[in-house]
Amino acid sequence: MKELYYREIPCSDPAEVLQWLQTIALPAGSKRIPTPTGLRIQGSESENNTELALFIWSGLNTTYCKVFQWSEQPFPQQSRWLKGLEQAIQARFPHRYPQLPQIDLEAGSIFEQLEPFYPQTVKYFRRIPNGEFDLQRVYWWEKRWREEVQSPQKHLQPVLFKQLSPDPAESTWDLVIVGGALGAIYAAAMARLGYRVALVERLPFGRMNREWNISRQELKTLVEMGLLTAEQMESLILREYTDGFNKFFDGNSPVRAPVLHTPTVLNLAIDAEKLLHLCGEILQSCGGAIYDRSEFQRAYIPAPVSGREPSPGVTLVLKDLREGRVFTLASRLLVDAMGTASSIAQQIRGGRAFDSVCPTVGATIQGGFEPGVWDPQFGDILASHGDISRGRQLIWELFPGPGQDLTFYLFHYHQVHPENPGSLLEMYEDFFTILPEYRRCDPEQLHWKKATFGYIPGRFGQHRDPKPDPHNRFDRVLLIGDAAAMQSPLSFTGFGSLVRNAPRLCDLLDTALRHDLLTAADLAQVSAYQGNSAVTWLFSRGMMVPTGKVLPPAQINATLNSFFAILTTESPEVVDDFIKDRAGWLAFNRMAIKAALQNPRLLLWIWNAAGARGFAEWLPTYFGYTGLALLSALLGGWLPRLLRRLQPWLENRYPRLWLRCLHWSYILTYGVGQPRIEFQLPTADPQVQGKTQEPRPTWIQAEEKV
């Protein structure tokens, strides 16, 4: 028996595929023998009893087919017939990318209107607390995402205007941060520095779409920078599990890899709501304010008087969603932390959608597993249990929480395309359908607690900061987190990245604010770029199925197994650094070369997914990182320390030059995965340090400038 052909047939009904398969055209003189799982095709006796066997099976809410040579001699015109079979499958079962159903909530509930399209999703969202509200948010998020991808110019509504505000501001701030999830941490830190900070959040403050997991080493950053005490940090930890597993399906893969153990990666389950409320308390105790259930509408940023000075200020127009009242705030700086749905980021980039995205869905349960199915001392960091399904390699994550809580995520790496933007609802239908395949469970018996979902964005390219059209360059506007999305998905976005880079960004932002260095060019220095993370985007491209292209079903699992097999031979320290964006140039190149030598097909697989253009776009990123790594090796050990000694003299005389020097100091360390926490917040009680902290300058004459 010899395997000749393996193909995914994008149909969730295997009976329909079987019925069609058993009626396909056969070579002249051959005999058709239907079987319960496929078809046998026998040649004539004059052809030495040659035979082919076709098998189908279902999994991952789709159907797979394999063809075997069942005889010692090849079937007559075997290759030609297999090509014909491929064409027949493509004609009968083409890849159809899901479209979003149009609904009208005035005509009925979202449950009633989506049930014909997504029955499993509606069934289980009915059992989730606040499920109807959350499903409306899933629908709204996907609808908005699709509009921005499919017709960005048509749906791009300008929200930043280079003109004076027609209405006076009700209050004045140094910073207004829009986005109260990840933005709350920065709001608390900047308020502790003495700035007047307002935080704007569309949802009730503290509500999250996702759970947060992190390692102890990374979470400790918030203690080392002075935002939290050690006791507060410990109070946030809901569970610390023993080990995390990384394993990709290899049942059909030509490359297999053992389980990769990562005991110090994402092994802390964090009480996200408690952390946000703790940050909110810090913010308010320092004179800040939280405007929750308030939606950002637009902002006015009048033109600067001269080219090297920033605009006079920002006036934000907000809408109170509870009362419908529109109000305004004035600020020295607007910080966009709204994530993928950011209208500000879309305008600054001229409506260009993100290059890639990870549509991510999941849920938290409060038990329901049978005993022995899962030990809560362990987590799944990255896992797959099947091959490519309808143009996606689905990957699972599983994180234990307090008690019997478990949080599941299902996601895939996706290259953004107008015909195929990426669907959350389609992912949720798969999530509820294939969850029993991933973990032996009955979804009917699970105690559903919370839905978790979102788009994790990424951008490809070597630039640390996008270079928008001059008309879309705005002073006093800064993007952070997912709204900035400078690197590949699942790196440099979200909670872990924000915490790792909090000291760096707070130091840069503090410097910019103290000296009023708030032009677009100045704020480009307040960046969380990492060359060692950006260079990995070619790897993420290798995990995407380009729209309109069919890849061998096992190719992405084989690619992942090739890399993770190398990681299993490395020391725990190297593995930890690689997954936490700390791997250096030598380690990256050594592992890449080792993987290519052990499996030369790897380059072909990545080429097949990324194409010549993808490699051409990646090379400048790689060479840029190589140059940065060389500079870091030559200068990183002494130049940052020298600059710190020169800071009092240099900053007082040449503040703009100092901001750029500080930026490059961090690029030489953080930028190559070697963070050094040199920035600390003042203590909560200034007298503890023996002297009163000097307050940061605040914006006193706001009414005269706006």
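These values consider heavy atoms only, across backbone and side chains, with no hydrogens, waters or symmetry-generated copies. Keep in mind it's a predicted model, so treat the numbers as computed, not measured. Residue indices begin at 1 and follow the sequence shown.
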**Message:** Keeping Tyr529 on the side-chain end and Gly671 on the backbone end, is there a donor-acceptor pair under 3.5 Å?
**Reply:** no
**Request:** Ignoring hydrogens and angles, tell me if any N or O in the side chain of Thr626 forms a donor-acceptor pair with the backbone of Tyr622 under 3.5 Å.
**Result:**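 Indeed, once roles are kept as given, a pair shorter than 3.5 Å links the two residues.
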**Asked** Thr364 and Asp405: side-chain donor and acceptor closer than 3.5 Å?
**Response**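 Their side chains do not contain a donor-acceptor pair, so the 3.5 Å distance test is not met.
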**Prompt:** Tell me the ring-ring contact (aromatic ring centres under 6.0 Å, His included) pairs involving residues 197-228, sequence neighbours left out?
**Reply:** Phe205-His277, Trp212-Phe495
Under 4.0 Å between a Lys/Arg side-chain N and an Asp/Glu carboxylate O for [X] and [Y]?
| X | Y | result |
| --- | --- | --- |
| Glu678 | Arg504 | no |
| Asp516 | Arg476 | yes |
| Arg332 | Asp174 | yes |

Let me confirm one number: the [atom1]-[atom2] distance from [X] to [Y], rounded to the nearest 0.5 Å.
| X | Y | atom1 | atom2 | answer |
| --- | --- | --- | --- | --- |
| Leu193 | Gln680 | CG | CD | 11.5 Å |
| Arg202 | Asp292 | CZ | CG | 12.5 Å |
| Ser165 | Ile301 | OG | CD1 | 11.5 Å |

**Item:** Partners meeting salt bridge (charged side-chain N to carboxylate O under 4.0 Å, His left out) with Asp271 (sequence neighbours left out)
**Value:** none
**Item:** Glu570: partners by side-chain hydrogen bond (donor to acceptor under 3.5 Å, both in side chains), with sequence neighbours left out
**Value:**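 side-chain hydrogen bond (donor to acceptor under 3.5 Å, both in side chains) check on Glu570 returns Arg590.
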